[in-house]
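What follows is one structure encoded as structure tokens, with my remarks underneath.
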Amino acid sequence: MNDTHVLEDAKQVLLNNWRDGYTIPSARLYPFQWNWDSGFIAIGYSYFDEQKAMNEISNMFKGQWQNGMLPHINFHQLNPNYFPGLDVWNTQNLAPNTVATSGITQPPVFGFALERMHAQMQNNLEWLPFLRDIFPKIVAFHRYLYTHRDPFNEGLVYIHHNWESGTDNSPLWDDAFEKIDVTNARDVSGLRRDNKNVDAAERPTNEHYKKYIFLVDLFSKHHYNDEQIFKHTPFAIQDVLFNSMLIKSNKSLIFIGELLGINTDEIALWNEKSINSINTKLWDETSGYYLAYDLKTEQQIACKVSSCFMPLFAGICSKAQAQILVNNLQQHFKKDDWQLCPSCAFTEPSFNPLKYWRGPVWINVNWMLYNGLLQYGFTELAAQIKTDSLALMSNYGCFEYFDPRPTALYETKKGIGADLFSWSAALYIDFQLNKTHF
Ligand code: GLC
């Protein structure tokens with residue numbers, strides 16, 4: 001198919017997934033509004049429907065809690081075809097009256113989403129009023145993270161659920177989950193919908209799901225009080241992807257704040273500390289990777305996944321560090337005519353090219369990696385990531401994730417998980433039409 005057709009198809013994916021004021025990630029699997037999806041999706045709309053781009057974000061922030069927490073799901077309409085639904089979350093006393101929500105968050109995408117949208121939308125008369133309205137809400141979300149999720153005041157934010165990472169079943173979380181005893185937890189295998197709507201082999205196991213829900217039940221028992229949760233949760237991890245996105249978004253908020261004439265000193269202070277800590281605590285000199293840190297075991301998690309490269313996107317590593325990361329990428333993630341970039345190194349024992357975040361290529365990660373590599377001048381590798389991303393989507397469609405191996409050799413289907421997936425479509429549009437760089 002030629003580029004123009006794919007571009008039109010990608011726009012159509014977004015428009016078909018548009019509901020009343022927001023976009024669902026995919027009709028097959030995800031019937032609500034998701035947090036970080038919504039940021040990527042808004043970038044896509046900014047090229048062809050500016051009103052929807054702004055509505056998407058405004059409607060996401062309707063779910064924001066009073067303490068600033070931005071939930072990972074807004075249940076604008078109820079739908080029985082999803083587990084865990086509202087009855088599991090039990091957030092009625094905390095969510096705004098107007099929108100039902102989940103009780104955990106997702107990576108902070110909105111700062112840099114705004115900066116990206118600004119390039120397309122700065123001449124729109126509604127853009128500045130929109131920025132004025134949304135800017136303090138994003139800052140409040142970041143303030144929530146720094147005050148509720150950084151118990152040692154390091155500038156590094158922790159997540160207390162794997163779903164908060166966005167990279168749900170990444171092997172990064174395996175050791176932490178291994179230690180969670182769920183003998184007395186409830187069995188939720190019969191309640192799951194995801195593994196019935198797509199091939200179960202491409203989804204997390206029942207054993208893992210039991211642990212995911214065990215954590216949600218724990219949060220609900222503690223009424224989502226973060227101090228209590230931190231005391232009792234077995235899962236508290238400073239993730240590289242999450243903190244890199246936070247830093248990148250802080251930088252963009254400083255840019256937007258200056259544009260609006262708003263003082264950004266608070267954000268600059270947060271960021272200074274975060275950048276320093278990510279480069280000391282999460283950088284592992286020996287392996288040449290940025291590694292997540294488990295606050296419960298007080299250890300780095302030595303698992304090579306694509307998240308380890310995200311400080312490139314944040315633009316916070318030195319040239320030397322960037323070169324080391326790129327060498328590692330070439331050695332452990334790039335193979336013959338495989339497509340870039342697998343979510344897990346193929347040299348990891350847990351690598352599985354078909355299973356969700358344990359090997360498949362994800363378009364949002366590719367997009368961040370691409371933009372990161374460009375910042376450091378790795379234009380060839382960046383171009384390959386872009387070419388691979390576009391080829392995967394034009395040959396197979398806007399799937400949720402893709403098998404990185406060459407089809408001819410393995411005879412598998414390349415597009416996996418949900419089809420007609422919104423953020424893949426949105427970022428296809430940005431890959432094709434973007435003229436500026438971060
Ligand atoms: C999956 C992804 C997560 C995403 C959600 C909705 O759970 O792992 O990152 O937000 O789907 O698309």
Side-chain angles (χ1 to χ4, degrees), residues 13-14 16-19 22-44 56-57 60 63 70-76 79 81-85 88-89 101-110 113 159 161-173 192-200 202-205 208-209 211-213 215-216 239-242 244-245 305-307 310 342-344 352 354-368 398-402 415-427:
V13 168
L14 290 185
N16 290 344
N17 287 342
W18 175 258
R19 297 295 178 263
Y22 64 97
T23 309
I24 58 169
S26 115
R28 190 185 293 270
L29 276 182
Y30 310 111
F32 310 108
Q33 187 181 32
W34 260 258
N35 177 332
W36 75 327
D37 297 59
S38 146
F40 294 120
I41 288 166
I43 293 174
E56 177 71 38
I57 296 185
M60 185 67 230
L70 190 66
H72 95 302
I73 302 177
N74 282 342
F75 299 98
H76 291 291
N79 185 320
N81 198 23
Y82 183 80
F83 177 82
V88 179
W89 291 102
T101 75
S102 72
I104 58 172
T105 190
Q106 264 189 335
V109 65
F110 291 98
I159 51 171
H161 198 290
N162 55 311
W163 286 337
E164 293 198 310
S165 71
T167 61
D168 301 4
N169 74 334
S170 166
L172 268 181
W173 326 124
R192 287 181 70 179
R193 309 291 310 166
D194 63 312
N195 56 353
K196 288 148 195 116
N197 290 335
V198 298
D199 190 341
E202 297 161 13
R203 304 291 304 174
T205 61
H208 269 169
Y209 237 82
K211 297 184 177 184
Y212 303 167
I213 300 302
L215 288 177
V216 174
D239 177 39
V240 177
L241 170 65
F242 196 106
S244 300
M245 288 179 64
V305 289
S306 51
S307 300
M310 289 306 143
S343 41
C344 174
N352 177 338
L354 295 171
K355 210 172 184 75
Y356 214 31
W357 290 96
R358 303 175 81 84
V361 174
W362 286 76
I363 299 301
N364 63 338
V365 169
N366 270 11
W367 182 84
M368 290 188 275
C398 292
F399 271 86
E400 188 181 8
Y401 40 98
F402 298 87
I416 23 189
D419 54 353
L420 306 170
F421 189 68
S422 295
W423 86 40
S424 299
L427 297 177

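Fair warning: this is a prediction, and the values are worked out from it, not measured in the lab. Both counts, for ligands and for their atoms, begin at 1 and track the order of listing.
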In chain order, what residues pass the side chain to side chain donor-acceptor pair (under 3.5 Å) check against Asp168, with sequence neighbours excluded? Tyr356
Partners meeting side chain to side chain donor-acceptor pair (under 3.5 Å) with His161 (sequence neighbours left out): none
Side chains of Ser306 and Trp357 in contact at under 4.5 Å (non-hydrogen atoms): no
Tyr82 and Trp34 aromatic centres sub-6.0 Å: yes
Parallel, tilted or perpendicular: which one describes the rings of Phe421 and Trp423, with boundaries at 30° and 60°? perpendicular
With sequence neighbours left out, write down each residue that passes side chain to side chain donor-acceptor pair (under 3.5 Å) with Thr23, or none if nothing qualifies. Tyr45, Glu56
Can you list every protein residue that has a heavy atom under 4.0 Å from any atom of ligand 1, sorted by chain and residue number? Pro25, Tyr30, Trp34, Trp36, Asp37, Gln106, Gly166, Asp168, Tyr356, Trp357, Glu400, Phe421, Trp423
